[in-house]
Amino acid sequence: MSEVVTPEERRYANRVRHLQARQAANAARGPKGVAAVWWDHARAVATRAERAGDPELWDHLARTLENWCYQVEQRDQQDHAQ
């Protein structure tokens with residue numbers, strides 16, 4: 001007998017399968033391809049949250065990217081100072 005799956009569980013499982021398939025397909029491009037998949041996924045998650053009435057994930061994503069860029073810029077400055 002098969003287990004009953006709710007529509008939300010099915011949508012979640014489909015999103016996970018899609019993400020995993022895209023990651024595998026882009027793995028040949030190396031980290032750049034994997035990063036592109038994560039970027040697309042992050043935007044999709046923020047868009048879904050916004051549609052559900054929670055636009056704050058966009059702010060969180062923006063702050064995360066800002067922090068990442070700041071850290072990379074700091075590393076670059078340290079590398080060039082040596």
Side-chain angles (χ1 to χ4, degrees):
M1 188 159 152
S2 64
E3 184 178 329
V4 177
V5 178
T6 67
E8 182 57 35
E9 290 171 328
R10 187 175 58 253
R11 282 190 293 272
Y12 176 78
N14 288 341
R15 284 194 302 264
V16 169
R17 261 194 310 279
H18 178 73
L19 175 63
Q20 291 171 338
R22 289 201 59 224
Q23 286 175 331
N26 278 290
R29 291 178 52 205
K32 184 176 181 178
V34 174
V37 173
W38 279 116
W39 167 241
D40 290 344
H41 184 64
R43 288 189 342 230
V45 168
T47 298
R48 275 196 309 277
E50 182 179 33
R51 287 181 187 149
D54 182 11
E56 291 190 24
L57 279 184
W58 280 112
D59 185 52
H60 180 67
L61 178 58
R63 283 181 287 145
T64 300
L65 291 169
E66 179 184 18
N67 289 334
W68 182 86
C69 288
Y70 177 78
Q71 290 173 4
V72 171
E73 289 168 357
Q74 291 297 312
R75 187 186 69 186
D76 287 349
Q77 285 180 359
Q78 290 173 356
D79 288 349
H80 290 99
Q82 294 176 358

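These values consider heavy atoms only, across backbone and side chains, with no hydrogens, waters or symmetry-generated copies.
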Under the salt bridge (charged side-chain N to carboxylate O under 4.0 Å, His left out) rule, collect the residues that match up with E56, sequence neighbours excluded.
none
Quick one: name the residues clustered hydrophobically with [X], using the 4.5 Å side-chain heavy-atom rule over I, L, V, M, F, W, Y, and just say none if it's on its own.
{"X": "L65", "answer": "W39, W58, L61"}
{"X": "V16", "answer": "Y12"}
{"X": "V45", "answer": "L57"}

Contact between Q78 and E73 at the side-chain level, heavy atoms closer than 4.5 Å - yes or no?
no
Tell me, please, which residues at least two apart from R29 pass side-chain hydrogen bond (donor to acceptor under 3.5 Å, both in side chains).
N26
Can you measure from CG (L19) to CD (Q23) and round to the nearest 0.5 angstrom?
4.0 Å
Please report the interatomic distance CG(D54) to CG(D59), rounded to the nearest 0.5 Å.
10.5 Å
Residues which pass ring pair (Phe, Tyr, Trp, His ring centres under 6.0 Å) with H41, listed by chain and number, not counting sequence neighbours
W38
Charged N-O contact under 4.0 Å between R63 and E66:
no
Using a strict cut-off of less than 4.0 Å between a Lys/Arg side-chain nitrogen and an Asp/Glu carboxylate oxygen, indicate whether E3 and R10 qualify as a salt bridge.
no
Can you see which heavy atom on D40 is nearest to which on R22, and at what distance?
OD2-NH2, 3.0 Å
Is E9 reaching over with its side chain to a backbone N or O of T6, donor-acceptor style, under 3.5 angstrom?
yes
Step-by-step salt bridge (charged side-chain N to carboxylate O under 4.0 Å, His left out) determination, E8 to R15:
CA-CA 11 Å; E8 182 57 35; R15 284 194 302 264; 3.5 Å; yes
